[in-house]
Amino acid sequence: MGISHTMVFLVVDDSKISRKWLIEMIPKKILEHSTLIEGNNGQEAIDLYKEHRPDIVFLDITMPVIDGFEALLEIKKINPEALVVMVSADRQKSTQEKVLSLGASAIIAKPINEEEFRSTLLKLVF
Ligand SMILES: [Mg+2]
């Protein structure tokens, strides 16, 4: 997938400011060629995934309606190849292992470290 491809990002977090901070981490060169979709909870994550088939999903874990674990599971049912990156303040090893076993491609800690974020993104997408 080259940089000229129009990327579709789905960013789901119940905190608007967390979504904003994450979006600011995406390199401008990539954002210029991208479509950004935002959601507020796990149910929206699933619905927006079905509707837009984003190239990459950033998913908070603790969210109302449906949490990130369940949304991850449902998205992977829709598309086993889906690229889903979990974003969470929960740094427990058990959480990390759980999301990876459910099919997440990576987990990034909150507050997001820019270098970690960019290296994860580049590794997964380019
Ligand atoms: Mg949350």
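Both counts, for ligands and for their atoms, begin at 1 and track the order of listing.
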Which atom name does Asp14 have for its N/O/S atom nearest to the Mg ion (ligand 1)? OD1
Between Asn41 and Asp14, is there a side-chain heavy-atom distance shorter than 4.5 Å? no
Heavy-atom side-chain proximity of Ile23 to Glu38 below 4.5 angstrom: yes
Of the backbone and side-chain N, O or S atoms of Met63, does one lie nearer to the Mg ion (ligand 1) than 2.8 Å? no
Ile112 side chain reached by Leu22 side chain, heavy atoms, under 4.5 Å: yes
Closer than 4.0 angstrom, basic N to acidic O: yes or no for Lys20 and Asp13? no
What is the name of the N/O/S atom in Asp60 that sits closest to the Mg ion (ligand 1)? OD2
